[in-house]
Number of protein chains: 2
Amino acid sequence: MATAGGRRPSATRRAGNRRSQPYDADSLLEVAVKVFTERGYDGTSMEDLARAARITKSSFYYHVSGKEELLRRSLDRALDGLFAVLAEERAVQGRAIDRLEHVVRRSIEVLVDQLPHVTLLLRVRGNTRVERRALERRREFGRAITKLVSEAVSEGDLRAGIDEGLTARLLFGMINSVVDWYRPNGGSLTAGSLADAVVSLTVEGWRQPGAQPRR
Amino acid sequence: MATAGGRRPSATRRAGNRRSQPYDADSLLEVAVKVFTERGYDGTSMEDLARAARITKSSFYYHVSGKEELLRRSLDRALDGLFAVLAEERAVQGRAIDRLEHVVRRSIEVLVDQLPHVTLLLRVRGNTRVERRALERRREFGRAITKLVSEAVSEGDLRAGIDEGLTARLLFGMINSVVDWYRPNGGSLTAGSLADAVVSLTVEGWRQPGAQPRR
DNA sequence: GTCTATATTACGATAGAC
DNA sequence: GTCTATCGTAATATAGAC
């Protein structure tokens, strides 16, 4: 999965806030997006970013044109990851219910893998052109999910009578909410076991199989 | 449900952005929180608020001490609503599974009823004391939900083997995600039918009852 | 590449007239 | 209660030395 590019010049080097070698635009993006997710994009100043990188504002500006470039690159990373999932073999071939499950599982992987970027994406409000473009792509992703749910109903694998758009929204609402608490260092909770929990909860429900229906 | 106070001096009067009678602190809170949810709290300036209220910044300051007072009052409104649910008769008496369902349904009602305030609450980052206090109360609410899920497992009404904390988080993640798309003017989708969808999806799952298990 | 210093604008907040 | 005018601060961004 990784960061999609090839070379990784400073990812490990910078781990632990160690300040030794000069920055490049990519390593500063990492720093920035981390701070954005902690304090919010609008709540973060270039001074905050520079302090987190242990350099001055001016040095920061040497590498990037400004806050919005950082936001744009981060949002693109998240969106490219999600759309790549929609293009995968198992997302386009087979029964809709299987394609849906695949997209759910892989989306959770992308979310965990690109956690800060996806987090930022999910909090965008649409105040600038960059943000509005991201929102539009997000809506496009949502439409693709709704279509999958719709087809799964048509093919008889989801209960008829459910509202496709609503179900899709609630499903991805559940998935997206993961960014609010998931922390990679947590250890045992992998993207896979998280996906298991989500799929289990939405597919089978939490009802105790033996239990009497309660109404 | 309403706005908890008694008199409603300008709620209807202000509907439709009509500008006629003088403001008070409560009617300005409504205006402000609406803008906050659209542009984000940090992304909103007092100038923005004043423009939305069709008065000047100075006039706005005549009624409120500043942005943070507006935030504090909004967050308190959301949190008070949610905690009131936990204190309701049906949230403290009976089987845990029934108490849980009641809290889920009533929380959705509060969310819909106090939509902008709950929206703001869910987006708080913890940058100020006011925000950190709200986050702490939110965590306390979360712990109460986890406890309910836990008890429902103990009482044998939820499948054993599920992770209580994870289930609680995913459940309320699904519920909370509603603020990202629900619009009251939408018409036919009431809090009740929304709650039905959430309960149905999480309790029964979306599997077609007649369908063969697929793995 | 990184720094100090600074230009410029935006923002939160207040003073004082009406 | 609302206005115009303004103060002080903090933010984005750049210039120029090293």
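The structure presented is a predicted model; accordingly, all values stated were derived computationally and were not measured. Note that these values count all heavy atoms, side chains included, but never hydrogens, waters or copies made by symmetry. Chain naming here is simple, since letters A, B, ... match the order of the sequence lines and numbering starts at 1 in each.
Closest-nucleotide positions on DNA chain D for A:S58 and A:D48 were compared, and the one nearer the 5' end corresponds to A:D48.
Side-chain polar atoms of A:S45 and A:D48 form a donor-acceptor pair below 3.5 angstrom. Side-chain contact, B:D24 with B:S27: a donor N or O sits under 3.5 Å from an acceptor N or O.
Atom CZ of A:F60 and atom P of D:dT14 are 15 Å apart (whole Å). When rounded to the nearest whole Å, the span between NZ of A:K67 and P of D:dT12 equals 5 Å. With rounding to whole Å, A:L71 atom CG is found 15 Å from D:dT12 atom C1'. Nucleotide C:dC3 holds its P atom 11 Å from the CD atom of A:E47, rounded to whole Å. As rounded to whole Å, 5 Å separates atom C1' of D:dA13 from atom OH of A:Y61. Summarising the geometry, the separation between CE on B:M46 and C1' on D:dG8 is reported as 17 Å, rounded to the nearest angstrom. Straight-line distance from the OH atom of A:Y41 to the C1' atom of D:dA11: 12 Å, rounded to whole Å. The CG-C1' distance, from B:L49 to C:dC11, rounds to 12 Å in whole Å.
By the 4.0 Å N-to-carboxylate-O rule, B:R105 lies close enough to B:D196 to be salt-bridged with it.
Closest to the side chain of B:I55, from the set C:dG1, D:dT2, C:dG12, is D:dT2. Residue B:S59 has its side chain nearest to D:dT2 when only D:dT2, C:dT2, D:dT12 are considered.
Between D:dC3 and B:T56, a contact under 4.0 Å exists linking OP1 or OP2 to a side-chain N or O.
In this structure the side chain of B:E30 never reaches within 4.5 angstrom of the side chain of B:K34, judged on heavy atoms.
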